[in-house]
Amino acid sequence: MQWDDGQIITKQKFPSPHPQIDLYTITYMSDGFKVKGLLAEPKDGGRYGGFLYLRGGIKNVGKVRPSRIVQFAVEGFIVFAPFYRGNQGGEGNEDFAGDDRKDAFSAFKLLQAHPRVDKIHVFGFSRGGVMALFTGITFPNVASVVTWGGVSDMFLTYVERKDLRRMMKRVIGGTPSKYPERYQYRTPLLQLESLEAPILIIHGVKDKNVSVEHAYRLEKKLKALNKRVESWYFTEYTHYFPPLVNRQIVGDLTKWMKKQE
């Protein structure tokens, strides 16, 4: 049987930490691979905005947490969070914002086909910021894009994160000086011309995982292209915000999203 990208192959109930939200583990088709993800739906049967949650990290670092997905669903969204290829029983190998970006694109199509979903918003955290920007670039009908502590420049990540260089050389195939085109391919900063959606940038100025320079470069480039962009910088925070502040920002960013519809 021929499966289309974004088509759901299996949907299994997953224990939900919230009485009003149903959670499901999903197997869906992406680029010839069966990829896994987590879907959260409010139980009331109503129509909602779609929320594509694009995780950070790689492999077991930065895994999708059910409580985080539910946190966004409670704000009034149907949320889908792909695990990306090669993770948690999915086929293929993760590619650090290379071809595995198609797993985000197929997840967007999955939400488009959902009978209860209206406009779709895209959210990326950390490495997921690259995935979110590329999704916005690829689909002009994205309602909004939020990047939180997000990577925008893969060259800069290689320079800043000495601890990630071995992984990046393995996954990408070499250094930026040897294969600049492979790093360009993974750098949305260089490809923003066709982005139509309004963008919200959230970043902690003390972030050591993804420096605030990623946010500054992204904001500057978007403004130079006359794109709609808003930035929330938090001078006292790092890559991870305290739980109370985090919850407040989740409420604020989801309100911002709803204003863009």
Partner set under side chain to side chain donor-acceptor pair (under 3.5 Å) for Arg161, not counting sequence neighbours: Asp163
For residues 171-178, run the donor-acceptor check on the side chains, cut-off 3.5 Å, and write out each pair with its distance to 0.1 Å, sequence neighbours left out.
residue	atom	partner	partner atom	Å
Thr175	OG1	Ser177	OG	3.1
Thr175	OG1	Lys178	N	3.2

With Lys227 via side chain to side chain contact (heavy atoms under 4.5 Å, CB included) - residues at least two apart: Leu222, Leu225
Pi-cation contact, Tyr158 with Arg165 (under 6.0 Å, within 45°): yes
Partner set under ring-ring contact (aromatic ring centres under 6.0 Å, His included) for Phe108, not counting sequence neighbours: Phe139
Sequence neighbours excluded - side chain to side chain donor-acceptor pair (under 3.5 Å) pairs with any residue from residues 244-253: Arg68-Asn246, Gln248-Asp252
By side chain to side chain contact (heavy atoms under 4.5 Å, CB included) - contacts of Phe33 (at least two apart): Asp31, Val35, Arg85, Glu91
Pairs flagged by side chain to side chain donor-acceptor pair (under 3.5 Å) wherever residues 131-149 is involved - sequence neighbours left out: His121-Ser144
Give every donor-acceptor pair under 3.5 Å between a side-chain atom in residues 39-48 and any protein atom, sequence neighbours left out.
residue	atom	partner	partner atom	Å
Glu41	OE2	Lys11	NZ	3.4
Glu41	OE2	His114	NE2	2.7
Lys43	NZ	Pro19	O	3.0
Asp44	OD1	Gly46	N	2.9
Asp44	OD1	Tyr48	OH	3.1
Asp44	OD2	Tyr48	OH	2.5
Arg47	NE	Asp118	OD1	2.8
Arg47	NH1	Pro115	O	2.6
Arg47	NH2	Val117	O	3.1
Arg47	NH2	Asp118	OD1	2.7

Phe72 ring center near Phe77 ring center (under 6.0 Å): no
Set of residues satisfying side chain to side chain contact (heavy atoms under 4.5 Å, CB included) with respect to Ser16, sequence neighbours excluded: His18, Ile21, Leu23, Val70
Counterpart residues, side chain to side chain contact (heavy atoms under 4.5 Å, CB included), relative to Ala215 (two or more places apart): Ile201, His203, Val212, Tyr233
For Lys223, all residues meeting side chain to side chain donor-acceptor pair (under 3.5 Å), sequence neighbours excluded: Glu219
Listed partners of Phe155 passing ring-ring contact (aromatic ring centres under 6.0 Å, His included), at least two apart: Tyr183
